[in-house]
Amino acid sequence: MGDVAFHTATTVDEALSLVGDGSNVKVVAGGSDLIVQARGGRELPGNVVAIHRIEALRSLDASGDLTLGALVTHADIVASDAIRSTWTALADASAIVGSHATRNVGTIGGNVMNASPAMETGAPLIVLDASATLRSAAGGDRTVPVEELWTGPGKTSAKPGELLVDVVVPSLPAHSGSAYVRLEYRRAMEIAIVGAAASVTLDGDTVTAARVALTAVGPTLLRSPAAEAAVIGTTGDDAALEAVATGASADATPISDLRANEDYRRAMIGVIAKRAVSVAVRRARGEEFPIPATPVFMEGSGR
Amino acid sequence: MKHAATLNVNGMAYPVELEGDATLLNAIREDIGLTGTKTGCDDCECGACMVMVDGRPVNSCTYLALQAEGSEITTVEGLADGEDLSAMQSAFLDKGGVQCGYCTPGMLVSAHALLRRNPDPSEEEVRIALSGNLCRCTGYAKIAEAVMAAAKATA
């Protein structure tokens, strides 16, 4: 690593002034992504601005819409009863990030701004229709739906000098449920081979609204319009779930890398999307289903 | 660029001069000289470097040392009371939870942090709490037994 000046901000205004025009500077919250990347060859710039002491960014407010300050950790998310009961897919995701040590330092803000297409919380935030609030010294606040924020692997539409201050997740209609499911080779310290999140709303037994998003099968997190269309208007029955699987596999654009090849990812994303939709429907019906929903098995497994 | 800072480790204040990108692991081992905390993968995977920051387990290899200024850091050296081992350390010895010993400091930190939050864990909870600590010797059975025994001993 190189010659790095370290700064600690204690207010958002101080952080924005230290970040300046965004050149030769990196913001660090927990550091779990940044330091690994720095060792992997993406060297730290000349200035690091640590925001971990900004108390205002730690707040978690679930009293209406869910507002997550940028420094809310995965451990905070998993511990929140409101998130577990209402925005359940997000709890499913944060519960399986890294290990407890990762979840203690890893933040929602860091996760969102690191913009990995394999991030666990990405697909849940998309299906839950989340937006990021970006603040700049010159421009004040602007709100960007997360789907528009992520533009490529490690790339966002945030402008230089903008700081993510919070992530807002709208409240949900009655009879809604959501889930995130990951395909994994091991239980901990894992990165998704593929993953899928689903959020559904029921009227009686019928799915009237559905969003499905896919993890690690494209340059960004992807919505799957085909999987969504396959389940809307159905009861989430086996035929609908098979159509969800076919739709998700068709919408995926995976690559081959060391974790899996393209064909395997395309085949498995269907299975995982089907499981995510199935669990979301069961939760929307009021059935108890464990958090995290990974690993998830179909009927008869005892889960 | 060197930054003057004070790190609080195991109740002692250590004045240090650190590069902006120094990791907490290197500060603890190289600058402060406490070598109980191990360098394993040095890539946030194995848990050998685990310490507590304000009571919560953290992989010190991927934590900037200067971010820990103002926090209380606990390393494996801080778990014993002088020469008296903690109940957890004794249980690791009694149950054969230590073989080569390289993962042991991180295991002990994770296990202490678990019992602090959850004094009466199930074996599954123990295994989940230790899932960020890799051991290539024991197969984990004796480590899990040791944590369960320590929980019983301190209940």
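Quick caveat: nothing in here was measured; it's all calculated off a predicted structure. In what follows, every chain begins at residue 1, and chains take the letters A, B, ... in the order their sequences are listed.
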Could you walk me through whether R53(A) and S71(B) pass the side-chain hydrogen bond (donor to acceptor under 3.5 Å, both in side chains) check?
CA-CA 11 Å; R53(A) 300 288 182 204; S71(B) 292; 2.9 Å; yes
Heavy atoms, side chains only, cut-off 4.5 Å: are P57(B) and N104(A) in contact?
yes
Does atom CD of E287(A) have more than 12 heavy-atom neighbours from other groups under 6.0 Å away?
yes
With chain A, the option among V58(B), N133(B), L134(B) that has the most non-hydrogen atom pairs under 4.5 Å is V58(B)
Going by heavy atoms in the side chains, are V36(A) and D43(B) under 4.5 Å from each other?
yes
Would you find more than 12 non-hydrogen atoms of other residues, nucleotides or ligands less than 6.0 Å from N261(A) atom CG?
yes
Taking atom NZ of K95(B) as the centre, report whether more than 12 heavy atoms of other residues, nucleotides or ligands fall under 6.0 Å from it.
no
Report yes or no: do T23(B) and R39(A) form a side-chain donor-acceptor pair below 3.5 Å?
no
Residue A29(A) versus chain B: region with a heavy atom under 4.5 Å:
backbone
Relative to chain A, which of A113(B), A22(B), S131(B) shows the most heavy atom pairs under 4.5 Å?
S131(B)
Presence of salt bridge, R186(A) and E45(B), under 4.0 angstrom:
yes
Are any non-hydrogen side-chain atoms of D3(A) and E19(B) less than 4.5 angstrom apart?
yes
Which atom of D76(A) lies closest to which atom of R56(B), heavy atoms considered:
OD1-NH1, 4.4 Å
What distance separates D21(B) CG from E43(A) CD, expressed to the nearest 0.5 Å?
8.5 Å
Could you measure the distance from the CD atom of Q67(B) to the CZ atom of F6(A)? Nearest 0.5 Å is fine.
5.0 Å
Nearest heavy-atom pair of M189(A) and C44(B): which atoms, and what distance?
CE-O, 2.8 Å
So H7(A) and H3(B), side-chain contact (heavy atoms from CB on, under 4.5 Å) or not? Walk me through it.
CA-CA 10 Å; H7(A) 314 268; H3(B) 298 259; over 6 Å; no
Check I35(A), T102(A), V105(A) against T62(B) for a side-chain contact (heavy atoms from CB on, under 4.5 Å) and give me the one that passes.
I35(A)
Let's test your reading of the structure: which of G47(B), C61(B), C46(B) forms the most heavy-atom pairs below 4.5 Å with chain A?
C61(B)
d(L34(A) CG, L64(B) CG) to nearest 0.5 Å is 7.0 Å
Can you tell me if CZ on R117(B) sees more than 12 non-hydrogen neighbours from other groups inside 6.0 Å?
yes
